[in-house]
Structure formats: C-alpha cells, structure tokens
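Right, one structure below, let's go through it.
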Amino acid sequence: MKTLPIICVSGSLLPMLSGCSEKVEQKNEPINVIYILCDDLGYGDLGCYGQTLISTPHLDQMAAEGMLFRQHYAGCTVSAPSRASLMTGFHTGHTQIRGNREVEPEGQMPMDAGTYTLGKLFKSQEYATGIFGKWGLGYPGSSSDPNAMGFDEFYGYNCQRQAHTYYPEHVWRNRERVVFEENENLGRKIYSHDLIHQEALNFIRTHKEEPFFAMLTYTLPHAEINLPHDSIYKLYEGQFEETVFDQPGGYYRSEKPRASFAAMVARLDMYVGEIMQELKAQGLDKNTMVFFTSDNGPHEEGGADPVFFRSSGPLKGIKRDLYEGGIRIPMIAWAPGKIKSGTETDHISAFWDMMPTFADLLGTPLPGATDGISFLPTLLSTNNQQEHPYLYWEFHEQGGRQALRQGKWKLIRQGIHSDQGMWHELYDLETDIHEDHNLADLEPGKVRELIRIMDAARTESEMFNFGR
C-alpha cells in the first residue's frame with residue numbers, strides 16, 4: 001500500500017506546517033498524545049454507546065467533547081495479535097504475532113528486534129515515551145520488551161497471563177522486577193491498577209514541559225472479576241441479581257460478579273476522569289490528543305455476563321468471535337480546539353491505522369510499508385479522507401477463522417481446522433448489523449470475489465498457519 005502524503009493541518013499541531021489554516025492561532029509546539037487501551041471492554045459497555053446499567057460519566061463527557069467512532073475495529077479478537085497490529089501498523093495477515101503464544105515462565109512470543117513500533121515512531125520525533133499497564137508482546141529481557149520497542153518508561157505487567165490477577169506477586173518497572181510480598185499466597189492487599197494509574201499520572205507531570213506519548217494499557221475489565229470493595233464497588237453491590245456461572249480458565253471468582261464487573265468499568269471511567277483533570281491542572285488540555293478504546297470485544301470469563309449487560313450493544317458475538325461483537329470496539333478521540341466536540345463518525349478504521357495517523361499528526365513519513373490509512377482528516381473534519389479497500393482479520397484458535405470487510409459486505413471463513421469442514425458466511429452490514437442472515441448461498445459471486453481478496457490478504461507464517 002502506498003504511503004499517504006502528509007496532510008496540511010494547523011500549525012498548532014505541526015510547526016513545520018504552520019500557515020495552513022487561517023482560523024486557528026499558530027503555535028510552534030508539538031501535540032502530546034495519550035492512548036488509553038483497556039482490555040475486553042465491549043462496544044456497548046459505555047453510556048455513550050448505549051450502556052444503561054453502568055455509569056461512565058467521564059467517558060461520556062469525553063465523547064461529548066470529542067469524536068465518537070461508530071465503526072472502529074480492533075486488530076484481532078484476542079489480546080496479543082490485536083496489540084501487535086496496533087503497535088506495528090499491520091493487520092493480522094502481515095503481523096509477526098497472530099495469536100496468543102505463551103513463553104515460560106513469564107511472557108509471550110516476542111517480535112523481532114528491528115520491528116518498527118509506535119514507541120519508535122514517537123522517539124524518532126524526540127518525544128518522551130511511556131507505557132503503563134499490560135504489555136504482552138515479548139518476555140522480560142527479550143528482543144521486544146517495552147524498553148527495546150521504543151518506550152523510555154514502563155510500569156506494569158510484562159506477561160498478559162500474569163495480568164489476569166489484579167493482585168500480583170510482582171510487576172515490572174522497566175527491566176526491574178518489583179515484588180509485592182503482601183500479595184504472595186493470595187494475600188490480595190496491593191491492587192496493581194491504582195499503582196499503574198499513579199505511575200501514568202506521574203509521567204504526565206514529569207514530562208509536562210516536553211512532548212510526550214503515553215500508552216495507558218489498563219487490564220480493566222478483563223477477568224479476573226475482582227477489585228477493592230471500596231466506594232465504587234459499593235455503588236453497585238446489591239443492585240443486580242447475581243447468578244452463578246462456571247469459571248472458564250480458572251479465574252478468581254467474585255461472589256458478586258455483576259457488581260464487580262460494573263465497578264471495574266466504573267473504576268476505569270474514574271481513571272479517565274483523573275487523567276483529564278490532570279491535563280487541565282497542568283495546562284495541557286489544549287495541547288494533548290487523547291484516545292480511548294479497547295483491544296477486542298467483551299469476555300465471559302470469571303463470572304462476567306456480557307448478555308446481562310448487553311456488552312456487545314447491537315452487535316453479535318464476543319471475544320474470540322470474528323462477528324462484529326468480537327472486533328468492533330468503542331473508540332473516542334478528544335482534543336479541544338482540534339477535534340470538533342460532539343461529533344460522531346462512521347468512517348471505517350482499525351488498529352493498524354494508528355501508525356500512519358500518528359505519523360501524519362507528527363508530520364513525518366514512515367520508514368516502511370503499512371496496512372493502515374491515516375484518519376487524521378476525519379479527526380480534523382476535513383473532506384479528503386481516504387477509505388480502505390478492505391479490512392482483514394485472522395484468528396488461530398477454536399478451529400481457525402478469517403474475516404474480511406469490504407464496504408457493507410462481511411465475509412467470515414469458519415472451521416478452517418474443523419472436522420466438519422470449512423464454510424463461509426456472508427453478511428450485509430447495512431441491513432443486518434447483527435449478522436443474522438447468511439447470504440452466502442444467495443450471493444455466490446460476491447462470495448467468490450471476497451474469497452479471492454481474503455486469500456491474497458495474508459502472507460504465510462511459519463508459526464501461525466492454516467495448513468491449507
């Protein structure tokens with residue numbers, strides 16, 4: 001795919017492009033970027049996306065003051081490949097990491113040392129860079145731990161499996177192991193995410209006089225369904241009839257999982273509110289662009305109940321599905337004076353678009369190819385937005401799946417490794433957003449057309465292959 005030309009925007013964003021707009025006061029200062037990535041939050045889990053049982057006032061206000069995306073997609077339907085897509089600007093047909101692969105005793109399969117990442121992009125423009133929360137893209141000391149991938153500061157979980165507990169025995173500060181003796185033997189005394197959140201706030205304060213890029217990769221509301229029983233939890237305790245479910249994956253099980261899940265989303269909302277408050281306190285709110293999104297659709301582990309909360313909103317499916325509910329995610333962008341308040345967009349975008357969008361924002365070309373397309377024109381409400389010819393995903397668990405979206409059409413290939421044999425499903429998302437009516441038999445020509453695109457969309461991977 002050709003690299004897009006840099007788009008002329010206001011000098012308040014890029015000093016080298018000053019004079020492009022007569023309406024915005026020119027300032028020779030780069031813009032800070034905060035990218036908040038939560039974990040397993042569904043399309044319908046926020047008030048601004050239709051949630052009625054959980055209060056999310058700060059995120060709703062962020063949407064009211066910024067732009068809400070109706071058709072934004074994760075890189076994949078589970079964590080590691082989704083984050084690899086985000087970090088590198090490639091979809092899962094081209095990423096190195098196309099599935100969750102564990103490395104003992106701690107961590108996940110690493111990316112190659114030379115991989116170009118969002119961290120390296122911002123470092124190339126002399127930004128301070130930090131990531132706070134979950135990494136999941138390389139074991140400690142590997143070729144792709146956070147410090148090796150362009151981040152000056154890291155605090156949190158290297159291993160996504162260990163991030164399944166909010167009361168860990170240790171986290172990492174850069175390459176130093178930080179041990180919590182109080183949490184050994186399930187002590188459950190130190191709640192990790194309050195510490196992670198404070199580290200993120202400290203990063204903003206410390207770097208307020210220089211441009212910074214901060215990724216806040218909170219694990220909330222991923223299982224385990226567990227958090228302090230403080231005032232946030234007590235708001236929801238007793239509100240819902242609690243139903244006992246199985247515990248897939250061996251997660252800790254809360255006695256009141258519905259109340260706990262609601263409180264986890266509310267706590268996430270509180271963190272976002274405190275980030276916004278800190279930006280205003282430091283005088284950074286007029287020169288910072290904030291994004292909020294999720295790494296895939298909602299989960300049902302550890303007692304989570306996406307049906308009860310309608311976590312997928314109007315969509316079908318959850319985490320691990322390639323139906324819309326597994327990959328279409330909430331996304332809010334906020335930048336007063338740059339992004340128009342109270343706007344919504346139906347522009348079709350995905351995680352792999354963040355790399356070219358940020359390069360466009362910084363006014364620098366990328367050193368190589370990308371599957372993404374900058375959506376900076378959409379953020380700035382200009383009329384020169386390029387569209388994707390298609391979006392592509394692949395998933396290597398549960399029999400193997402692929403999906404492709406082209407305009408209104410969505411093709412899903414199911415059961416690639418199934419004993420029952422492979423089959424295709426075709427949906428018209430304009431008339432069937434819930435993907436209830438499989439049109440594959442009625443539109444054989446369209447199926448053949450999209451199969452050709454799907455088969456050409458990926459390169460072979462020794463580690464992640466479909467064996468066909």
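The model shown is predicted, which means the values in this text are computed figures rather than measured ones.
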Quiz prompt | CG-NZ distance between L284 and K208, expressed to the nearest 0.5 angstrom | solution = 8.0 Å
Quiz prompt | Heavy-atom side-chain proximity of P81 to N100 below 4.5 angstrom | solution = yes
Quiz prompt | side-chain hydrogen bond (donor to acceptor under 3.5 Å, both in side chains) partners of E209, counting only residues at least two apart | solution = none
Quiz item: Only one of L41, I232, I225, D269 clears side-chain contact (heavy atoms from CB on, under 4.5 Å) with M264; which?
Solution: I225
Practice problem: Using the six-membered ring of Y323, assess whether NZ or CZ of R328 lies under 6.0 Å from its centre and within 45 degrees of the ring axis. | Solution: no
Quiz prompt | Ring centres under 6.0 angstrom apart (H193, Y166) | solution = yes
Practice problem: Classify the side-chain pair N158/D145 by whether it contains a donor and acceptor separated by less than 3.5 Å. | Solution: no
Exercise. Please step through side chain to side chain contact (heavy atoms under 4.5 Å, CB included) for the pair Y139 and S144, ending with a clear verdict.
Key: CA-CA 8 Å; Y139 55 86; S144 69; over 6 Å; no
Quiz item: Do the side chain of T357 and the main chain of F375 share a donor and acceptor less than 3.5 angstrom apart?
Solution: yes
Quiz prompt | More than 12 heavy atoms from other groups under 6.0 Å of CD on E181 | solution = no
Practice problem: I would like to know whether L220 and V265 meet side chain to side chain contact (heavy atoms under 4.5 Å, CB included); could you show each step before the answer? | Solution: CA-CA 7 Å; L220 295 164; V265 175; over 6 Å; no
Self-check item: Pairwise side-chain contact, T217 with W135, heavy-atom cut-off 4.5 Å (strictly under)
Solution: no
Quiz item: For the residue pair F261 and H299, does the interplanar ring angle fall in the parallel (under 30°), tilted (30 to 60°) or perpendicular (over 60°) class?
Solution: perpendicular
Quiz prompt | Ring centres under 6.0 angstrom apart (F203, F132) | solution = yes
Exercise. Go through the steps for R267 and D194 under the test salt bridge (charged side-chain N to carboxylate O under 4.0 Å, His left out), then give the verdict.
Key: CA-CA 10 Å; R267 193 178 204 86; D194 284 350; 3.1 Å; yes
Quiz item: If we ignore angles and hydrogens, is there a donor and acceptor under 3.5 Å between the side chains of H91 and S85?
Solution: no
Self-check item: Ion pair check, D285 and K280, cut-off under 4.0 Å
Solution: no
Quiz item: Is T382 reaching over with its side chain to a backbone N or O of P377, donor-acceptor style, under 3.5 angstrom?
Solution: yes
Self-check item: Any donor-acceptor N/O pair, Q51 side chain to F309 backbone, under 3.5 Å
Solution: yes
Quiz item: Do the side chains of I31 and K338 get nearer than 4.5 Å, heavy atoms only?
Solution: yes
Quiz item: Centroid-to-centroid, F308 to F240, below 6.0 Å?
Solution: yes
Self-check item: Short side-chain donor-acceptor distance under 3.5 Å, E274 and H58
Solution: no
Self-check item: Under 3.5 Å: donor-acceptor pair, side chain of N183, backbone of G187
Solution: no
Practice problem: With salt bridge (charged side-chain N to carboxylate O under 4.0 Å, His left out) as the test, would you mind laying out the steps for R83 and D39 before giving the verdict? | Solution: CA-CA 10 Å; R83 290 160 195 262; D39 204 326; 3.2 Å; yes
Quiz item: Are M67 and T378 side-chain neighbours, meaning at least one heavy-atom pair lies under 4.5 Å?
Solution: yes
Exercise. Please test L118 against M355 for side chain to side chain contact (heavy atoms under 4.5 Å, CB included), starting from the C-alpha separation and ending with a verdict.
Key: CA-CA 6 Å; L118 293 180; M355 178 72 81; 3.8 Å; yes
Quiz item: Please walk me through it: do R70 and Y49 pass side-chain hydrogen bond (donor to acceptor under 3.5 Å, both in side chains)?
Solution: CA-CA 9 Å; R70 290 290 180 191; Y49 281 89; 5.9 Å; no
Quiz item: Do Q386 and S374 have side chains that get closer than 4.5 Å, going by heavy atoms?
Solution: no
Exercise. Inspect the surroundings of CZ in R320 and state if more than 12 heavy atoms from other residues, nucleotides or ligands are less than 6.0 Å away.
Key: yes
Quiz item: Just by distance, do the side chain of T92 and the backbone of C76 share a donor-acceptor pair under 3.5 Å?
Solution: no
Quiz prompt | T77 (side chain) donor-acceptor with D321 (main chain) under 3.5 angstrom | solution = yes
Self-check item: Any donor-acceptor pair under 3.5 Å from D112 side chain to G114 backbone
Solution: no
Exercise. Using only heavy-atom distances, determine whether the side chains of R405 and Y73 contain a donor-acceptor pair under 3.5 Å.
Key: yes
Quiz item: Under the side chain to side chain contact (heavy atoms under 4.5 Å, CB included) criterion, do L121 and L366 qualify, and how do the steps go?
Solution: CA-CA 8 Å; L121 169 66; L366 292 173; 4.1 Å; yes
Self-check item: Test item: I318 and S312 side chains (from C-beta on) under 4.5 Å apart, heavy atoms
Solution: yes
Quiz prompt | Gap separating the CG atom of D353 from the NE2 atom of H347, nearest 0.5 angstrom | solution = 6.0 Å
Quiz item: Taking atom types as modelled, is there a side-chain donor on Q61 or W334 under 3.5 Å from an acceptor on the other?
Solution: no
Quiz item: Sequence neighbours excluded, which residues qualify as ring pair (Phe, Tyr, Trp, His ring centres under 6.0 Å) partners of F291?
Solution: F358
Quiz item: Rounded to the nearest 0.5 Å, what separation is found between the CG atom of L137 and the CD atom of Q160?
Solution: 8.0 Å
Self-check item: Test log, rule side-chain hydrogen bond (donor to acceptor under 3.5 Å, both in side chains), inputs Y218 and H197
Solution: CA-CA 8 Å; Y218 301 117; H197 179 58; 2.8 Å; yes
Quiz item: Does a side-chain heavy-atom distance below 4.5 Å link S254 with N226?
Solution: no
Quiz item: Is the side chain of N32 donor-acceptor paired with the backbone N or O of F212 at a distance under 3.5 Å, no angle test?
Solution: yes
Self-check item: Rounded distance (nearest 0.5 Å) linking atom OG of S142 with atom CD of E106
Solution: 10.5 Å
Quiz item: Listed by chain and number, what are the side-chain hydrogen bond (donor to acceptor under 3.5 Å, both in side chains) partners of S82, not counting sequence neighbours?
Solution: none
Practice problem: For salt bridge (charged side-chain N to carboxylate O under 4.0 Å, His left out), just list the numbers for R173 and E199, CA-CA rounded to whole Å, side-chain angles, deciding distance to a tenth of an Å, and then say yes or no. | Solution: CA-CA 10 Å; R173 183 185 298 279; E199 291 288 334; 3.0 Å; yes
Quiz item: Quick one: does D60's side chain have a donor or acceptor within less than 3.5 Å of a partner on L46's backbone?
Solution: no
Quiz item: Atom CG in N174, atom CD1 in I131: separation rounded to 0.5 Å?
Solution: 11.5 Å
Self-check item: Test of ring centre spacing under 6.0 Å for F292 and Y35
Solution: no
Self-check item: Given H170, K134, E169, the one that forms side chain to side chain donor-acceptor pair (under 3.5 Å) with Q162
Solution: H170
Exercise. With side-chain hydrogen bond (donor to acceptor under 3.5 Å, both in side chains) as the test, would you mind laying out the steps for T115 and Q96 before giving the verdict?
Key: CA-CA 9 Å; T115 302; Q96 300 167 43; 2.8 Å; yes
Quiz item: Any side-chain heavy atom of I36 within less than 4.5 Å of one from T293?
Solution: no
Self-check item: Cationic N near anionic O, under 4.0 Å, R188 to E224
Solution: yes
